[in-house]
Undergrad: 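Submitted below is the structure of interest, expressed as structure tokens.
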Amino acid sequence: MDAGGGLGDDAALEALRDVLAALSATAPRLVFKKTLNRADVDPNQARLLIPCRKRGVITDADALAAFLTAEEKDIGMQVPAYDRHGRRFDMRLWMVGSNSCYRLFGPQWSRFLADNQLEEAMAVAKEMGRKPEVEFWAFRSAELERHVEAGQHPDGALGMAILIRN
């Protein structure tokens, strides 16, 4: 398996590619991208919303939904997420029916924000007239603990890489 293949050859992602290789992960696939907003980086919110419907310029999350098994879509799950440095953050992915969106949440999202200095990055980007984007890259690995008993994917449990682009 080409664990880092979908990420390209960006030298800044070497640590992440090493972690994916150690997990014998499938090649990551970009499943969602959006511009970060203030609520996404608010540590009191402790969540990031992933809309499932097109709303203006926000990218549709159909690719994420297509990557999930039926059981993963229905019950939600723990998802190990990795940043560009290969650090692991255990989060929860859940479909919120009332909002027609997925929610990635939990205390580890707040830790991800702090460890990656996203509040500060948002302020600097605003001063420069830019808006950071977040990319979600999904992969599968048999090395990851499975959290869904029924309908397990043959390539293993779901994992995500979360990349911030300025």
Side-chain angles (χ1 to χ4, degrees), residues 1-50 59 61 63-69 72-73 76-95 102-125 128 130-148 152-166:
M1 291 183 213
D2 184 14
L7 297 173
D9 59 1
D10 183 346
L13 301 178
E14 184 176 346
L16 175 59
R17 281 194 297 275
D18 289 347
V19 167
L20 297 177
L23 290 171
S24 299
T26 60
R29 189 169 76 196
L30 181 63
V31 294
F32 184 74
K33 178 167 67 169
K34 79 176 248 186
T35 300
L36 285 171
N37 61 52
R38 176 62 48 205
D40 295 328
V41 299
D42 182 345
N44 295 319
Q45 297 278 343
R47 59 96 178 116
L48 183 125
L49 293 179
I50 304 170
T59 307
L64 173 60
F67 202 83
L68 301 175
T69 66
E72 290 168 339
K73 289 176 194 173
M77 58 197 271
Q78 290 291 118
V79 177
Y82 298 84
D83 69 5
R84 69 175 48 254
H85 306 289
R87 296 177 294 205
R88 181 176 169 154
F89 302 85
D90 292 324
M91 300 186 201
R92 186 143 183 88
L93 182 67
W94 191 268
M95 169 56 109
Y102 285 99
R103 180 181 294 179
L104 190 68
F105 67 99
Q108 294 283 301
W109 175 249
S110 296
R111 193 180 123 228
F112 178 89
L113 295 175
D115 287 2
N116 287 278
Q117 302 173 327
L118 287 182
E119 278 191 287
E120 296 86 349
M122 288 283 290
V124 169
M128 299 174 76
R130 294 185 300 175
K131 294 182 179 182
E133 289 188 331
V134 61
E135 296 178 351
F136 289 90
W137 293 76
F139 63 89
R140 297 275 178 183
S141 170
E143 302 296 320
L144 295 173
E145 181 180 338
R146 294 179 187 262
H147 295 280
V148 179
Q152 294 179 352
H153 195 280
D155 289 333
L158 176 70
M160 296 186 109
I162 303 174
L163 304 179
I164 307 301
R165 307 283 190 185
N166 287 323

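Only this structure's heavy atoms are used, side chains among them; waters, hydrogens and symmetry mates stay out. Numbering of residues begins at 1 and proceeds along the displayed sequence. Keep in mind that what you see is a predicted model, and the values were worked out from it rather than measured.
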Undergrad: Does Ile164 offer a backbone N or O that forms a donor-acceptor pair with the side chain of Arg84 under 3.5 Å?
TA: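 Checking the backbone N and O of Ile164 against the side chain of Arg84, a donor-acceptor pair under 3.5 Å is found.
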Undergrad: To the nearest 0.5 Å, what is the distance between CG (Leu118) and OG (Ser110)?
TA: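 One gets 11.0 Å once the value is rounded to the nearest 0.5 Å.
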Undergrad: For the backbone of Asp10 and the side chain of Arg17, can you confirm whether one donor and one acceptor N or O come within less than 3.5 Å of each other?
TA: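 Checking the backbone N and O of Asp10 against the side chain of Arg17, a donor-acceptor pair under 3.5 Å is found.
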Undergrad: Please determine if Glu135 and Arg165 form a salt bridge, counting it only when a charged side-chain N lies under 4.0 Å from a carboxylate O.
TA: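 Yes, Glu135 and Arg165 are salt-bridged.
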Undergrad: Say you draw a straight line from CG of Leu158 to CG of Leu93; how long is it, rounded to the nearest 0.5 Å?
TA: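 The CG atom of Leu93 is 7.0 Å from CG of Leu158, to the nearest 0.5 Å.
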Undergrad: State which residues pass side-chain hydrogen bond (donor to acceptor under 3.5 Å, both in side chains) with Gln45; sequence neighbours excluded, sorted by chain then number.
TA: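 Per chain and number, Gln45 pairs via side-chain hydrogen bond (donor to acceptor under 3.5 Å, both in side chains) with Arg47.
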Undergrad: Can you confirm whether Val124 sits close enough to Gln117 that some side-chain heavy atom of one is under 4.5 Å from a side-chain heavy atom of the other?
TA: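 Side-chain contact under 4.5 Å: no.
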Undergrad: Could you tell me if the side chain of Lys34 sits less than 4.5 Å from the side chain of Glu133, heavy atoms only?
TA: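 A side-chain contact is absent here, since even the closest heavy-atom pair is not under 4.5 Å.
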Undergrad: Supply the atom-to-atom distance Asn37 CG to Lys131 NZ, rounded to the nearest 0.5 angstrom.
TA: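 So the CG of Asn37 and the NZ of Lys131 are separated by 9.0 Å.
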Undergrad: Checking the side chain of Arg140 only, and the main-chain atoms of Phe67 only, is there a donor and an acceptor separated by less than 3.5 Å?
TA: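 Side chain of Arg140 to backbone of Phe67: a pair is present.
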Undergrad: Closer than 3.5 angstrom, by distance alone: can the side chain of Ser141 be matched with the main-chain N or O of Leu23 as a donor-acceptor pair?
TA: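 Here the side-chain-to-backbone pair exists.
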Undergrad: Does the Asn116 side chain pair with the main chain of Phe112, one donor and one acceptor, at a distance under 3.5 Å?
TA: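 Yes, because the side chain of Asn116 sits within donor-acceptor range (under 3.5 Å) of the backbone of Phe112.
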Undergrad: Whether Arg92 and Glu72 form a salt bridge (side-chain N of Lys/Arg under 4.0 Å from carboxylate O of Asp/Glu) is what I want to check.
TA: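 No, this pair does not count.
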Undergrad: Tell me whether the rings of Phe32 and Phe136 are parallel (<30°), tilted (30 to 60°) or perpendicular (>60°).
TA: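 It falls in the tilted class, 30° to 60°.
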Undergrad: Looking at every non-hydrogen atom in both residues, tell me the closest pair between Arg103 and Leu49 and how far apart they are.
TA: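 Scanning both residues completely, I find the closest heavy atoms to be NE-CD2, 3.7 Å.
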Undergrad: Measure the shortest side-chain to side-chain distance between Leu163 and Leu13 over non-hydrogen atoms and say whether it is less than 4.5 angstrom.
TA: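 Counting from C-beta outward, Leu163 and Leu13 do come under 4.5 Å.
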Undergrad: Judged by atom type as modelled, is there a donor-acceptor pair below 3.5 Å linking the side chain of Trp109 to the main-chain atoms of Asp40?
TA: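 Yes.
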Undergrad: Checking His85 side chain against Arg87 main chain: does a donor-acceptor pair fall under 3.5 Å?
TA: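 No, the answer is negative, given that no donor and acceptor are paired below the 3.5 Å cut-off.
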Undergrad: What are the two closest heavy atoms between Pro28 and Leu20, and how far apart are they?
TA: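 For Pro28 versus Leu20, the nearest heavy atoms are CG-CD1, 3.6 Å.
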